[in-house]
Number of protein chains: 2
Amino acid sequence: MSDDTKALVRSTALRLFRERGYAATTMRAIAQEAGVATGNAYYHFASKDHLVQELYLDVTSEHAVAARAVLAQGGDLTARLRGVMLAGVDAFAEYHAFGAEFVTVAIRPGSAASPFSAESSRSRELSQDVFRELVEGASPAVPTALREELPDLLWLAQLGVTLFWVYDGSPGQRRTRTLVEGAAPLIGRLVRLSRLPVLRGAADDVLALVRAVRS
Amino acid sequence: MSDDTKALVRSTALRLFRERGYAATTMRAIAQEAGVATGNAYYHFASKDHLVQELYLDVTSEHAVAARAVLAQGGDLTARLRGVMLAGVDAFAEYHAFGAEFVTVAIRPGSAASPFSAESSRSRELSQDVFRELVEGASPAVPTALREELPDLLWLAQLGVTLFWVYDGSPGQRRTRTLVEGAAPLIGRLVRLSRLPVLRGAADDVLALVRAVRS
DNA sequence: GAGAGCATTTGAACACGTTCAACTGAACAG
DNA sequence: CTGTTCAGTTGAACGTGTTCAAATGCTCTC
């Protein structure tokens, strides 16, 4: 049946990606391992990138589950941000050897696997929801002025951390963890300070800039 | 002669890149247009990425010249940052149609064209020197505490702006210009505020983080 | 049951980046 | 002049992602 074939190709591809990485997993190998013709894989998935996108969906879901466990414990913005981002580093750790390849695929603007693409809207929204929950459930509460834009900014920050992670050759991605450990309290502090008169103007400018750039 | 052949392949490749973009410029087309065999191009350039790196070197040099003209006019940090970054947007504008492809190539960690690769050290240092000059020549002077790390941070910011630019589909890259126009005074203001007691701690944390993450 | 229409499947074919064994020709040694 | 060496050059060959005309099967209609 068609649905079975599609699921089979999908799971075979994901297994091979995990075992061999992106480049070493050829479409011919996926098809052969799944016991179908090469062209059949293309009938179900428009390109190799679309199969990678399926992998991202898997990993993102995994991260979302781990992140919600962290968020369930409450805490202030710093603790929650730190926990969610470290959970991300853990969730991605398995793929670090091939991370470079995969991010390369993801960053190509036309790619289905791009975090901004229409095809990856599901995993993007899954991830953005986590950051929205992170901000809304923080205690003490995040200043109302920031509450609307901050989730998306933190989601972007997570993309930045991921990009850093790709280039991080240190054992166990220690440098990325150091970055998160340092950046989380820094962001927490700046958010708190944003209420102060001296910083109020700068904070407003940041928000105005975000909105201007969006439209 | 060998040097002539190399120069011919190089200039042919750059011309075709400018005319057709990355993907549509095949190694066969470069070789044919240059009147040599395909393998000959590979004798002189290890890969297609290495030819792209030559294009980056060209564009970076062009930007460095424009940036120095801006810096020669003096000004404070905000004005200089704004000028240099807008000069960057102008220098890259010609390639925006294909920018996505080229940045894709550049971001691949193993790639010769990566801004962090050994192969692109020349264009990287060329670019980093501009930001060092930007900071050192600013008047009023940048706080000494920041003077060492700021150039590299601004260079990274420029990479971030470039990444944004790639995804910017607005006419004339208006959104990227808006981003620069907004971010430059914001950065200028934060650098000024960094001397204030309230922010002194946060500024120190940023510097400590940068240094911790570096090593 | 026969046939028509459509979803599914096949594998050969295409153009690509890259590799490589073989060839060329100039420079130099004896 | 002959032989040797080797940087420079050639074009066929390899494996890749992707496409496509053709074959196959499934489902509904009459």
Side-chain angles (χ1 to χ4, degrees), chain A residues 1-14 16-17 19-55 98 100-102 104-114 117 119, chain B residues 1-14 16-17 19-55 98 100-102 104-114 117 119:
Chain A
M1 221 227 295
S2 167
D3 284 352
D4 289 351
T5 307
K6 181 165 184 173
L8 179 61
V9 170
R10 193 193 117 103
S11 63
T12 306
L14 265 53
L16 293 185
F17 281 145
E19 286 173 8
R20 314 177 183 176
Y22 176 78
T25 300
T26 69
M27 289 299 282
R28 283 170 179 79
I30 294 170
Q32 186 178 347
E33 197 90 357
V36 301
T38 316
N40 201 354
Y42 279 93
Y43 178 78
H44 292 290
F45 298 94
S47 75
K48 195 178 173 182
D49 283 4
H50 282 76
L51 280 166
V52 171
Q53 157 57 20
E54 297 290 325
L55 177 64
F98 310 125
E101 295 184 284
F102 287 125
T104 294
V105 174
I107 212 142
R108 183 162 55 249
S111 165
S114 160
S117 77
E119 287 93 336
Chain B
M1 220 227 296
S2 167
D3 284 353
D4 289 350
T5 306
K6 181 166 183 174
L8 180 61
V9 170
R10 194 193 115 102
S11 63
T12 306
L14 264 54
L16 294 184
F17 281 145
E19 287 173 10
R20 315 179 182 176
Y22 176 78
T25 300
T26 69
M27 289 299 282
R28 283 170 179 80
I30 294 170
Q32 186 177 346
E33 198 90 355
V36 302
T38 315
N40 201 354
Y42 278 94
Y43 178 78
H44 293 290
F45 297 95
S47 74
K48 195 178 174 181
D49 283 4
H50 281 77
L51 279 166
V52 171
Q53 158 57 21
E54 297 290 326
L55 177 64
F98 311 126
E101 297 184 285
F102 287 125
T104 294
V105 173
I107 211 141
R108 182 160 57 247
S111 164
S114 160
S117 78
E119 286 94 336

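Chain letters run A, B, ... following the sequence lines, proteins first, then strands; residues in each count from 1.
- dG17(D) atom C1' lies 11 Å from atom CZ of R108(A), rounded to whole Å.
- For S117(B), the side-chain hydrogen bond (donor to acceptor under 3.5 Å, both in side chains) partners two or more places apart in sequence, or in a different chain, are S120(B).
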Using a cut-off of under 3.5 Å, enumerate the N/O to N/O pairs linking the protein to nucleotides 21-27 of chain C.
none

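- Under the salt bridge (Lys or Arg N to Asp or Glu O under 4.0 Å) criterion, E54(B) pairs with R10(B), sequence neighbours left out.
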May I have the list of side-chain donor-acceptor pairs in residues 38-46 of chain B shorter than 3.5 Å, sequence neighbours left out?
none

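- Atom NZ in K6(A) sits roughly 14 Å away from atom P in dA7(C) (whole-Å rounding).
- Remark: S11(A) pairs with no residue by the side-chain hydrogen bond (donor to acceptor under 3.5 Å, both in side chains) rule, at least two apart or across chains.
- Shown here are the ring-ring contact (aromatic ring centres under 6.0 Å, His included) partners of F102(A), two or more places apart in sequence or in another chain: F17(A).
- Dashed line: the shortest gap from a side-chain N or O of H44(B) to OP1 or OP2 of dA7(D) is not under 4.0 Å.
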Check: Using a cut-off of 4.0 Å between protein heavy atoms and nucleotide atoms, how would you tag nucleotides 10-18 of chain C 5' to 3' with B, S and -?
Finding: BB-B--BBB
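- A113(B) and Q53(B) make their closest contact through CA-OE1, 4.0 Å (heavy atoms, listed as atom of the first residue, atom of the second, distance).
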Contacts under 3.5 Å, N or O only, protein and nucleotides 22-24 of chain D:
none

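- One atom, CG of L51(A), and another, C1' of dG17(D), lie 12 Å apart when rounded to the nearest Å.
- Rounded to whole Å, atom P of dT19(C) lies 11 Å from atom NE2 of H50(B).
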Throw together a table of side-chain donor-acceptor distances under 3.5 angstrom for residues 21-37 of chain B, partners on residues two or more places apart or in other chains.
from, atom 1, to, atom 2, distance (Å)
Y22(B), OH, D49(B), OD1, 3.2
T25(B), OG1, L16(B), O, 3.1
T25(B), OG1, G21(B), O, 2.7
T26(B), OG1, A29(B), N, 2.9
E33(B), OE2, R15(B), NH2, 3.3

